[in-house]
There are 2 protein chains.
Amino acid sequence: MRPKNLDKEQAIRSIALQIIAEEGLENLTMQKLAAAAGISPRTIYIKYKDKDDLLVKLYIEEVLGNYETAVLAGFEPEMAFTDGVKKLWLNAFGYFKSNRHAFALMQYGKSSPLLNKAYQEMNIKEGDFFAPVLRFLEQNVAKGVIKDFPHQVHRALLFAPALDLVNEYFDYLGRPKQIITDEVFMLCCEVVIKGMTNPS
Amino acid sequence: MRPKNLDKEQAIRSIALQIIAEEGLENLTMQKLAAAAGISPRTIYIKYKDKDDLLVKLYIEEVLGNYETAVLAGFEPEMAFTDGVKKLWLNAFGYFKSNRHAFALMQYGKSSPLLNKAYQEMNIKEGDFFAPVLRFLEQNVAKGVIKDFPHQVHRALLFAPALDLVNEYFDYLGRPKQIITDEVFMLCCEVVIKGMTNPS
DNA sequence: CGTAAGTAAATAAATATTTACTTATATTTG
DNA sequence: CAAATATAAGTAAATATTTATTTACTTACG
């Protein structure tokens, strides 16, 4: 039997991400994608049931999966709060800086009902995404380092500003002077840490 | 001459927002919108040049415009930092709680290149959105209450967590117990304030 | 009655998805 | 161990919808 052409599979995914980043999810069509990848539309349907299936797998596997791996690299739930948070922020910034297209689809995750639903269902089936971060937060609550909020609340406080800063970083890529430098990014990280930690 | 039917104009806008919220921007079509509003597709084209024009006006006027008005109600740039931030957070939470559909399109503003571009261009033409917030931040930098960051950075730190919490609030609307209560929301506001303010 | 708002039906271009066919390779068979 | 075959991967072209947008007509008011 003819072997899978992994290049083609990867081409579909990365070119799809590129189109989404440049023209928007609403302007990604199967024929446009096939043409850009230099394949027949039919080929996409061999690998994916339909357009929704492609989008969901792109989002869950290609974007969230890789993002999780990158963010958790070298992170341990037992780390001190300050060290752990800094590690997570650095990892996230590093990952997105070299994966701009993934970031674009990531943003759609909060808007598109299709992706949102897929994320929820997946979180239920596979157990929580970013489980080590959850344990990290729980331990720091137990130690009295941070307040006892639901973890969704902790996540909002911790990561929402980071993602917004990444957005600004990309906005400023085309301009003469970048305002979101590594230094600014990490100063913000310290602001967030300071807000969250209890006075000892 | 036949008078403009303002109800119809408003119906187009609010039903468009509803479809976007429930099915996603990528599933809003002119025919679906016309059918849901009980009018002919042609009627939409009397009021809007084309689909993009409709989306951009929906986003800028209906969503961002109303959001700005609601958030700035009773807010003064001269307020003490803590009071000002609390006012902004409360206003934003209150507005979105009763405008869920507007929040959905708001989220698309960060993802969709069309809306993103429209926002940037509009910010240049009309002067900055949320100008009173800018003055508020500048004055507090001058007073040494908060650090001297670019205002985009301040905005990320200040508002990104709030929007993320609103998202969680809506996620939990269908579930037995709401975790994002007014109390939790305002506790988070205090966390953010604490992080941003310099020790005095 | 003139004019603008509105409608119903048509149109032309895109779009997701299929059908019918070709190609390349892994496995089987002589 | 080759030739034969089954099988999956792939393609080109077609199809049946769906889509944005127009055209040609109707209505209601100043």
Side-chain angles (χ1 to χ4, degrees), chain A residues 1-59 61-62 105 108 111-115 117-118, chain B residues 1-62 105 108 112-115 117-118:
Chain A
M1 101 184 129
R2 199 165 167 183
K4 268 196 193 184
N5 192 336
L6 286 178
D7 292 354
K8 241 156 231 177
E9 172 99 46
Q10 195 50 49
I12 292 174
R13 293 187 175 218
S14 62
I15 291 176
L17 283 182
Q18 184 184 342
I19 294 174
I20 291 168
E22 287 168 4
E23 306 178 42
L25 187 57
E26 57 276 25
N27 291 311
L28 174 73
T29 76
M30 299 301 262
Q31 313 204 109
K32 193 187 274 183
L33 171 57
I39 57 170
S40 157
R42 184 71 243 273
T43 303
I44 306 174
Y45 286 91
I46 293 168
K47 298 170 193 299
Y48 304 95
K49 186 182 162 290
D50 54 24
K51 195 184 178 185
D52 281 2
D53 183 47
L54 165 66
L55 291 178
V56 167
K57 284 184 176 148
L58 210 57
Y59 176 59
E61 295 167 13
E62 194 71 16
L105 183 53
Y108 271 104
S111 357
S112 158
L114 173 74
L115 302 183
K117 195 162 151 273
Chain B
M1 104 185 124
R2 200 168 168 179
K4 267 198 194 186
N5 192 336
L6 286 178
D7 293 352
K8 242 156 230 176
E9 172 101 46
Q10 193 50 48
I12 292 174
R13 292 188 175 215
S14 62
I15 291 177
L17 283 182
Q18 184 184 342
I19 294 174
I20 291 168
E22 288 168 3
E23 306 177 42
L25 187 57
E26 57 277 25
N27 292 309
L28 175 73
T29 75
M30 300 301 263
Q31 311 203 113
K32 194 187 276 185
L33 172 57
I39 56 170
S40 158
R42 184 71 243 272
T43 303
I44 305 173
Y45 286 90
I46 293 168
K47 298 169 193 300
Y48 304 95
K49 187 182 160 292
D50 53 24
K51 194 183 179 185
D52 281 3
D53 183 44
L54 166 66
L55 291 177
V56 167
K57 283 183 177 149
L58 211 57
Y59 177 60
I60 300 280
E61 295 168 14
E62 195 70 18
L105 184 52
Y108 271 105
S112 158
L114 173 74
L115 302 183
K117 195 161 152 275

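Per chain, numbering begins at 1; letters A, B, ... match sequence-line order.
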Applying side chain to side chain contact (heavy atoms under 4.5 Å, CB included) to B:Leu55 and B:Leu25, what does each step give before you reach the verdict? CA-CA 9 Å; B:Leu55 291 177; B:Leu25 187 57; 3.7 Å; yes

Apply side chain to side chain contact (heavy atoms under 4.5 Å, CB included) to the pair B:Asp53 and B:Asp50, showing each step before the final yes or no. CA-CA 5 Å; B:Asp53 183 44; B:Asp50 53 24; 3.4 Å; yes

Taking it one step at a time, do A:Tyr59 and A:Tyr108 satisfy side chain to side chain contact (heavy atoms under 4.5 Å, CB included)? CA-CA 9 Å; A:Tyr59 176 59; A:Tyr108 271 104; over 6 Å; no

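No donor-acceptor pair under 3.5 Å is formed between the side chain of B:Lys47 and the backbone N or O of B:Ile12. Side-chain atoms of A:Lys51 come within 3.5 Å of backbone atoms of A:Leu28 as a donor-acceptor pair (strictly under, hydrogens ignored). Using a distance-only test at 3.5 Å, with no hydrogens or angles considered, a donor-acceptor pair links the side chain of B:Lys32 to the main chain of B:Asn27. At least one donor-acceptor pair closer than 3.5 Å links the side chain of B:Ser14 to the backbone N or O of B:Gln10.
Within residues 50-58 of chain A, the residues approached by DNA chain C to less than 4.0 Å at the level of any non-hydrogen atom are A:Asp50, A:Lys51, in residue-number order. For DNA chain D, the neighbouring residues in residues 21-35 of chain B, judged by any heavy atom under 4.0 Å, are B:Leu28, B:Thr29, B:Met30, B:Gln31.
Computed from coordinates, the A:Ile12 CD1 to D:dA9 C1' distance equals 11 Å when rounded to whole Å. Per the geometry, CZ belonging to B:Arg42 stands 11 Å off P belonging to C:dG6, to the nearest Å. Spacing between atom CD1 of A:Ile46 and atom C1' of C:dA24 amounts to 13 Å, rounded to whole angstrom units. We find that CD of B:Glu9 is positioned 14 Å from C1' of C:dG6, with the value rounded to whole Å. Between A:Ile39 atom CD1 and C:dT23 atom P there is a gap of 18 Å when expressed in whole angstrom units.
Among the nucleotides D:dT21, D:dT23, C:dA20, the one closest to any side-chain atom of B:Pro41 is D:dT21. For B:Tyr45, whose side chain is taken as the heavy atoms from C-beta onward, the closest listed nucleotide among C:dT7, D:dT11, D:dT21 is D:dT21.
With contacts defined as side-chain heavy-atom distances shorter than 4.5 Å, the pair B:Glu22/A:Pro113 does not qualify.
Under 3.5 Å, the side chain of A:Thr43 and the base of D:dA9 form no donor-acceptor pair of N or O atoms.
The two residues A:Ala37 and A:Ile15 come nearest to each other via the heavy atoms CA-CD1, 3.5 Å.
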